[in-house]
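What's counted below: heavy atoms across the whole structure, side chains too, no hydrogens, waters or symmetry copies. Atoms within a ligand are numbered from 1 in the order they appear, just like the ligands themselves. From a predicted model like this one, the values you see are computed outputs, not experimental measurements.
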Amino acid sequence: MTRGPEGPPPDDSSRPAEQVFRGIGVSPGIAIGPVVVLDPRGMRLPPRRIAADAVPAEVARLASALAAAAAEGAQAEAEARERLGPQYAEILAAHAAMIGDPQLAADARERIERRRISAEHAVIEVLEGLAGRLEGLSDSHLAARAADVRDIEARIVDQLAGARAPSFQDDLAAPSVVLAHDLTPSDAAQLDPRKVLGFATEAGGRASHTAIVAAALEIPAVAGAGTLLGHARSARLAVVDGESGLIVLDPAPATLDRYRAAAEARTARFRTLSEEAALPAVTLDGVEVGLHANIEFVDEAAACARWGAAGIGLYRTEFLYLRSTAPPTEEEQFAAYAEAVRSLQGRPVVIRTLDLGADKLASHVGGIGAEANPALGLRSLRYSLRRPEVFRTQIRAVLRAAALGDVRILLPMVTTLDELRRARDLIGEVAAALRAEGTPHREAPPLGAMVEVPATALMADRFAKEVDFFSIGTNDLIQYTLAVDRTNEAVADLYSAADPAVLRLIARVVEAAAARGIPCAVCGSMGGELLYTTFLLGLGVRELSMAPHQIPEVRRLIRGVSLEQARAIAAEALTLDTAREVVALLEDALRPAPTGAPAG
Ligand code: PEP
Ligand code: MG
């Protein structure tokens, strides 16, 4: 295998050279298929073609995006005039005039009709042509206008994105491997595993929500691969290996054979594991561990049954928002929660209230503006408390579904006791309203707090007195403890569940829960990683929640360890200084004992 685009020339001149790129494996499995490249704005290159009968709709999209961008430009001009004076306003007035130029509309329209390309590409072609011509001029003042043209281009394309282009998946000719600069969680929520065999992105980190969705949909994925698209445009076939984080473009025949064999072996391994779905997750010395499933979409409930989940440990309900074009109504939410409860047939369903914000934003989610530090901004429970009408609608649906089975409510990103109490009061008010109306509901289902912020872990003894259970969200707990953005590939190497600071916080929370006699689950990605299973068990965690397909391997591991071994490993891990030492210890513990070793 050659490494990157600089490898030696191919031996067969008709076959492109194999190129290998390394990123972060975020959703396991191997995908092999034809390549589709999305450009940084999410459009296919070469331009997305549209069907003949879709031309009028595309022209209409163009017209409304131009009108909206012109209105936005006029407003920006008026604001600039008031705040900054006429000099700045003139620049924006020129922008607005350019957007409103009938020639631009005519040129873009002509491209859509004649060449049947998307409105986005038509606009980009027209304005990139103009920007290129300006840049070529010797007059430096005019050449600088190219930046204005690109600004306008971005405004119009943003409007088109807001007007929601049909998904790129709709016109994939065959199931494909998608390569993109980045995919938002809402892009990922639309992915159809029958059409997208796997994907790789240049950006993105280990615990991004896009990665979580990929794992939920069982789509192999690699994130944070760096500059990939420039090399991929002429590639025909790609392999995405979500385990090792490798992307192979135009694999050589021997490479392809190797990956095909690995994919088959993986399928066979999972077939065997699925036969163990009915076995209990008990240690060698008889301690039972609850293995629950994290779901984002209600249709994953089938996978919970297939892999033998003891319940749903985390239902990320915000994906109801991210998958649709309008906020879901109370009835739509009730239908989804009720279906989850029915599918689980009496087993518990932990419904997490909305965790919107940060990277989980849909265009229709109101009230969250552009933020410099969205992970520290208006997200999650903070958002729900700021928009009580949104929260109440959700809680009404949850309490109604709770009348149908074992529903528990989990509050995300709880940071202070005040927030917890306010949320509890609001839930009480909603229950009182349902009671007054005579609507069937459950009055006060168990209420839990996610522990995802160091402040909450530090105050765990106090929180333990006021909640029915804890669920540790390690994805955010790591991000906030180590000050490492979970979605940023540039610092992905610093993001580690094995950091001693993270381990100590987890130990503290587990201890506080045990002292109070309340359950403490781990539902962040750490909960499904085999490397940490024994450690968590040894700390005293008896409930893990993970992507459904991770359950069988974790079950198998638990059935092969004793609590005594687990306690020794946890105790030793807590004495170590660095994440590297912790990983070395845990990897060593995972290694099978050498066969043929002398007994005794
Ligand atoms: C977490 O932060 O660990 C968690 C489970 O929540 P999410 O990944 O949805 O932020
Ligand atoms: Mg979280």
Side-chain angles (χ1 to χ4, degrees), residues 26-27 184-186 188-189 204-217 221 223 291-297 300 311-323 350-362 365 374-384 408-415 419 448-457 469-488 492 495-499 502-503 505-506 509-510 520-529 532 536 541 543-548 550:
V26 293
S27 175
T184 66
S186 26
R206 202 173 292 288
S208 67
H209 286 97
T210 302
I212 287 167
V213 174
L217 298 172
L291 299 184
H292 296 244
N294 293 350
I295 68 163
E296 287 69 35
F297 313 108
E300 289 176 80
I312 290 175
L314 174 68
Y315 182 173
R316 289 183 164 102
T317 57
E318 57 280 1
F319 282 89
L320 278 170
Y321 274 69
L322 298 176
R323 212 179 220 191
V350 176
I351 299 182
R352 179 173 76 178
T353 64
L354 290 177
D355 189 30
L356 287 167
D359 62 332
K360 285 183 287 195
L361 260 188
V365 173
L376 304 180
L378 187 57
R379 61 166 291 208
S380 203
L381 184 60
R382 297 171 182 177
Y383 176 77
S384 293
R408 305 169 191 184
I409 301 178
L410 180 59
L411 301 171
M413 211 188 158
V414 177
T415 310
E419 284 174 342
M450 288 197 76
V451 183
E452 331 189 63
V453 180
T456 321
F469 63 99
F470 282 145
S471 191
I472 305 179
T474 52
N475 304 336
D476 277 313
L477 187 62
I478 298 166
Q479 147 161 285
Y480 293 130
T481 303
L482 303 178
V484 177
D485 180 347
R486 62 192 269 190
T487 67
N488 182 347
Y495 182 95
S496 172
D499 191 282
V502 175
L503 303 189
L505 286 176
I506 294 172
V509 177
V510 176
C520 177
V522 173
C523 69
S525 301
M526 188 183 185
E529 287 174 38
Y532 299 107
L536 294 171
V541 173
E543 194 177 312
L544 298 169
S545 197
M546 61 200 76
Q550 291 178 313

For this session: Can you see which heavy atom on Phe469 is nearest to which on Ile409, and at what distance?
Result: CZ-O, 3.5 Å
Problem set entry | Closest approach of Ala223 to Gly204 (non-hydrogen atoms, all atoms of both residues) | CB-O, 3.7 Å
For this session: Could you count the protein N, O or S atoms found under 2.8 Å away from the Mg ion (ligand 2)?
Result: 2
Exercise. Yes or no on side chain to side chain contact (heavy atoms under 4.5 Å, CB included) for Thr474 and Val502, after CA distance, side-chain angles and deciding distance?
Worked result: CA-CA 8 Å; Thr474 52; Val502 175; 5.6 Å; no
For this session: Would you mind checking if Asp355 and Arg316 are paired as a salt bridge, meaning a charged N to carboxylate O distance below 4.0 Å?
Result: no
Exercise. Should the ring pair Phe297 and Phe319 be called parallel, tilted or perpendicular, given that the plane angle runs from 0 to 90° and is split at 30 and 60?
Worked result: perpendicular
Problem set entry | Test item: Asn475 side-chain N/O and Ser525 main-chain N/O as donor-acceptor pair under 3.5 Å | yes
Problem set entry | Donor-acceptor contact present, side-chain Gln479 to main-chain Arg486, <3.5 Å | yes
Exercise. Of the options Val451, Val541, Val510, which is the one that meets Val522 in a side-chain contact (heavy atoms from CB on, under 4.5 Å)?
Worked result: Val541
Problem set entry | Test side chain to side chain contact (heavy atoms under 4.5 Å, CB included) applied to Met450 and Asp476, step by step | CA-CA 10 Å; Met450 288 197 76; Asp476 277 313; over 6 Å; no
For this session: At a heavy-atom distance under 4.0 Å, which protein residues reach ligand 1? Sort them by chain and number, would you?
Result: His209, Ile212, Leu314, Arg316, Arg352, Asp355, Lys360, Met450, Glu452, Gly473, Thr474, Asn475, Asp476, Arg486, Cys523, Gly524
